[in-house]
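All chains are named by letter (A, B, ...) in the order of the sequence lines, taking the proteins before the strands, and each is independently numbered beginning at 1.
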Amino acid sequence: MHWADVLAEKLCAQEKKHVLATGITPSGPIHIGNMREILTTDGVYRSLIERGANVELIYVADDFDPLRKVYPYLPKSYEKYVGKPISDIPCPCGNHKSYADHFLKSFLNSLKEIGVKPRVYRASEMYRNGDYSDAIQIALENVTKIRKIIETISKRQLTKGWLPFNIRCEQCSKISNAKPTLYQFPIIEYKCDCGFEGEVDVRKGGVGKLPWRIDWPARWKMLGVTFEPCGKDLATVGGARDTGKAIVEQIYNYPHPALIVYEFIMLKGQGAMHSSKGTALSSEEMLHMTPPEVLRFLIMNNQPSKHIVFDTGLGVLNLVDEYDREERVYFGEEEEIKGMKDLRRTYELSQPYLLPTTIPYQIPYRHLVTIVQIGNNWNKVKEILIRTGQIPEELKEQDERHIKQRVEHVKYWLENFAPDEVKFKIHEKFPSVDLDSNQKKFLSVAIKKLQNIDWDAEKIHNAIYDASEEEKITIKEAFKTIYQIFLGQIKGPRAGYFLSNLDKKFVMKRLEQSIK
RNA sequence: GGGCCUGUAGCUCAGCUAGGUAGAGCAUCUGGCUUUUAACCAGGUGGCCAAGGGUUCGAAUCCCUUCAGGCCCGCCA
């Protein structure tokens, strides 16, 4: 059984409303690892819906969290905002309402693209609206108990006057620097590092927030959460998951949700991603180079407990090929091979929106890498595909959309991630190369051979072989010569297919030029 | 130190949430009209499933122990 169904079945055993929660702090580009949290949950969500369960998928943006430090991707001037809630900090690009919005918005767009539709909550609004008031009051009434839980389970020593509440200084509006001096419900007197001394009424919204270890369980109760995946860093012994379980049960009197652990996504050659270190691949960027169904496939095809190594280089091509192959198997065009586990289910869960009823028109992704570099834009690519008979002239609308989308992804990948070995550029004008007399003789024979054949990859290929044999130059040298006059480099894509995708007139003209 | 994950063909991995004769891709070898280049086809070679023990009629698959590697334990998924 697919892991999403296994998890869904377990939840189904309890007949009640299920709230599947996800939560990410938009303090930087939200990366593909964060996306795993959402997609993992979405898999379970869809499975529950199919089972007819009463279920809701939510996403809580922790935008009331303070900015921890000036991250590498921020200007130095952000120093003055450290400690303020990210929903109150100006947007780095100036086009969004706040710092949090800047990162949140692109993430929400990505969600739309991969077909995830959660109900979105913002912590900043929840705090300001006073939604947290009860939870805050309960936490403050149970300081001693909470303190004991955290100190016992996490083995951390809390400071003397510690309160389960981080006050937001009224003067500097920073959340992390104010220390409580006296607490008498509902008033906390405090002294801030900025020199300000004041008092807040905890019943009022937005005067501060619960620390993370308490905020999390408080939220479970408040939103009725029954399932939430968490990253392996939080799942460590004595971590937020352990203290959260104890706090939600002992303080908030609510059963802890199912907290499954998911592993990190590594970038090949770089290890785990850290947005704070700048070694992260944003979900947006990821979606520019990987078709949405393939990104979903990456997550759905792997058990959450397994780490995934993502290779932004040639690995992307393999991933798309694997997806296409499973698609062919799904639609019965290819035989299933042993080891394609839960193939049908994986394929279904990989669809961002509707499940196709017939197989989408496939063009091998690697091949698109070549054609896109010849055609440059969709219209030309389409023209080449039609001329070479790789697609029919009348293509179904959704098939055209599908191929066009892939072409766009290939382009982005070529521009930003592809290794040099697969890149080439057709020179519009004759490149500056010196050909020796043998090469020229070979070319003049090749012209004759090519002139009268059908413009077909295999025939072109054979013509090149014939010419090289007649002129007694090595086949290697022959191919090199071809690449030189078209690409200005000594290597290139498979020659026959490559030339067949070019316009014959253009090829012949270039060949003529080369022997002058 | 603690936690989680991983250890299956030369390489990358599937199979382990149904325990029942070892799977794929790449690489390599042979053949197909000579086929550089990650868009051929057909076939072959190649594995004591990390090691040891246990449960079972039967274990890559379940349990225990050991070894090796990776990641995580600061509110970074």
Side-chain angles (χ1 to χ4, degrees), chain A residues 1-3 5-7 9-10 22-25 27-28 30-38 40 62 65-66 68-69 71 154-156 166 176 209-216 229-242 261-266 268 271-277 279-280 301-307 309 311 313-315 317-318 321-322 325 336-343 363-371 390 419 421-422 424 457-458 461-462 464-466 468-469 474-480 482-483 489-498:
Chain A
M1 215 191 326
H2 192 274
W3 55 261
D5 294 322
V6 173
L7 293 170
E9 241 174 41
K10 272 189 196 152
T22 60
I24 295 155
T25 310
S27 62
I30 295 179
H31 58 73
I32 165 70
N34 303 118
M35 199 63 112
R36 186 171 201 180
E37 171 158 335
I38 299 264
T40 302
D62 283 302
D65 284 18
R68 313 261 166 228
K69 62 173 187 181
Y71 297 111
S154 81
K155 309 229 157 49
R156 193 184 304 177
N166 293 336
S176 36
K209 75 182 291 292
L210 292 169
W212 166 238
R213 281 181 188 257
I214 298 120
D215 185 307
W216 205 21
C230 63
K232 63 163 7 183
D233 55 336
L234 300 180
T236 194
V237 167
R241 182 175 68 151
D242 285 354
V261 181
Y262 61 92
E263 257 281 353
F264 285 5
I265 296 181
M266 324 284 178
K268 194 180 177 187
M273 288 189 249
H274 298 274
S275 32
S276 57
K277 287 181 199 157
T279 57
N301 195 33
N302 286 286
Q303 299 272 347
S305 63
K306 291 208 170 194
H307 74 256
V309 178
D311 173 12
L314 295 170
L317 306 185
N318 288 334
D321 277 352
E322 196 186 339
R325 184 171 180 185
E336 180 166 354
I337 49 174
K338 247 184 174 176
M340 284 184 166
K341 211 210 159 195
D342 299 319
L343 166 133
I363 300 280
Y365 206 60
R366 283 168 202 285
H367 184 40
L368 283 181
V369 169
T370 302
I371 299 184
Q390 296 174 79
E421 57 186 288
V422 300
F424 65 84
E458 206 177 329
H461 203 91
N462 289 335
I464 294 171
Y465 266 93
D466 289 347
S468 79
E469 216 156 66
T474 63
I475 188 65
K476 205 166 183 146
E477 186 73 7
F479 284 118
K480 182 180 145 193
I482 300 279
Y483 297 130
Q489 60 191 46
I490 58 170
K491 283 198 167 192
R494 203 171 257 269
Y497 289 100
F498 169 59

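Taking a pair to require two hydrogen-bonding distances under 3.5 Å in either a Watson-Crick or a G-U wobble arrangement, rA60(B) remains unpaired. With a cut-off of 3.5 Å on both pairing distances, the Watson-Crick or G-U wobble partner of rG43(B) is rC29(B). rG23(B): Watson-Crick or G-U partner is rC13(B), with both key distances under 3.5 Å. A 3.5 Å limit on both hydrogen-bonding distances identifies rG3(B) as the Watson-Crick or G-U partner of rC71(B).
A tilted orientation is assigned to the rings of F479(A) and H461(A), their planes being inclined by 30° to 60°.
At the heavy-atom level, F498(A) lies nowhere under 4.0 Å from the strands shown. V261(A) comes within contact range of no nucleotide atom at all, as no heavy-atom separation falls under 4.0 Å. Across all strands shown, P364(A) has no heavy atoms under 4.0 Å from either base or sugar-phosphate atoms. The residue A495(A) sits close to a base: some heavy atom pair falls under 4.0 Å. No engagement by D62(A) is indicated, since no non-hydrogen atom pair under 4.0 Å with the nucleic acid exists. Nucleic acid contact for R156(A): sugar-phosphate only, since backbone atoms but no base atoms lie under 4.0 Å from a heavy atom of the residue. As judged by a 4.0 angstrom heavy-atom cut-off over every strand, I464(A) is placed among residues making no nucleic acid contact.
rA50(B) sits 8 Å from rC67(B) when the C1' atoms are compared, rounded to a whole Å. Across rU21(B) and rC48(B), the matching C1' atoms stand 16 Å from one another, rounded to whole Å. Distance noted for atom C1' between rG54(B) and rA59(B): 11 Å (whole Å). When the P atom is compared between rU8(B) and rA60(B), the two are found 15 Å apart, to the nearest whole Å. rA9(B) and rG20(B) have their C1' atoms separated by 23 Å, given to the nearest Å. Annotation: rG46(B) and rG69(B) have their C1' atoms spaced 25 Å apart (nearest Å). Annotation: rG47(B) and rC40(B) have their C1' atoms spaced 29 Å apart (nearest Å). Going from the C1' atom of rA22(B) to that of rA14(B) covers 12 Å, rounded to whole Å.
Judged by centroid separation below 5.5 Å and plane tilt below 30°, F479(A) stacks onto the base of rU36(B).
Atom CD1 in I371(A) sits 6.5 Å away from atom CD1 in I363(A) (nearest 0.5 Å). From D62(A), atom CG reaches atom OG1 of T25(A) across 4.0 Å, with rounding to the nearest 0.5 Å.
Regarding D466(A), its CG atom lies at a distance of 12 Å from the C1' atom of rU35(B), rounded to whole Å. Atom C1' of nucleotide rU35(B) and atom CD1 of I482(A) are separated by 14 Å, given to the nearest angstrom. Remark: C1' of rA14(B) and CD of Q303(A) are 12 Å apart, rounded to the nearest angstrom. In this structure, K480(A) places its NZ atom 16 Å from P of rU37(B), rounding to the nearest Å. As a whole-Å value, the separation of F264(A) CZ from rC71(B) P is 12 Å. Going from atom CG of N302(A) over to atom P of rG15(B) covers 9 Å, rounded to whole Å. The CD1 atom of I32(A) sits 16 Å away from the C1' atom of rC76(B) (whole-angstrom rounding). Spacing between atom CG of N462(A) and atom P of rG32(B) amounts to 15 Å, rounded to whole angstrom units.
Taking the side chain of R366(A) as heavy atoms from C-beta on, and the options rU35(B), rC76(B), rA39(B), the nearest nucleotide is rA39(B). Nearest nucleotide to the L234(A) side chain, out of rC75(B), rC76(B), rC4(B): rC76(B). Distances were taken from every side-chain heavy atom of W212(A) (C-beta onward) to each of rA77(B), rC75(B), rU36(B); the shortest belongs to rC75(B). Here the side chain of H461(A) is nearest to one of rC75(B), rU37(B), rC76(B), namely rU37(B). Listed nucleotides: rC16(B), rU17(B), rC75(B). Nearest to the side chain of K306(A): rC16(B). Which of rA77(B), rU37(B), rC75(B) sits closest to the side chain of N166(A) comes down to rC75(B).
Here R325(A) does not reach the OP1 or OP2 of rA14(B): none of its side-chain N or O atoms lies under 4.0 Å away.
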Checking I30(A) against M35(A) for the side chain to side chain contact (heavy atoms under 4.5 Å, CB included) test, could you report, in this order, the C-alpha distance in whole Å, the side-chain angles of both residues, the deciding distance, and whether it holds?
CA-CA 8 Å; I30(A) 295 179; M35(A) 199 63 112; over 6 Å; no

Before giving the answer on side chain to side chain contact (heavy atoms under 4.5 Å, CB included), spell out for W3(A) and T40(A) the whole-Å C-alpha distance, their side-chain angles and the decisive distance to 0.1 Å.
CA-CA 9 Å; W3(A) 55 261; T40(A) 302; 3.8 Å; yes

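Salt bridge status for E263(A) with K306(A): absent, with no side-chain N to carboxylate O gap under 4.0 Å.
When every heavy atom of R213(A) is checked against every heavy atom of G238(A), the shortest pair comes out as NH1-O, 3.1 Å.
In this structure, F498(A) has its ring center under 6.0 Å from that of F424(A).
When each of L317(A) and C230(A) is assigned the nucleotide of RNA chain B with its nearest heavy atom, L317(A) is the one assigned upstream, toward the 5' end. Of the two residues contacting RNA chain B, namely G496(A) and K209(A), the nearest-nucleotide position lying further toward the 5' end is that of G496(A).
Not a single donor-acceptor contact under 3.5 angstrom links the side-chain atoms of R36(A) to the base of rA77(B). A donor-acceptor contact under 3.5 angstrom links the side-chain atoms of K232(A) to the base of rC71(B).
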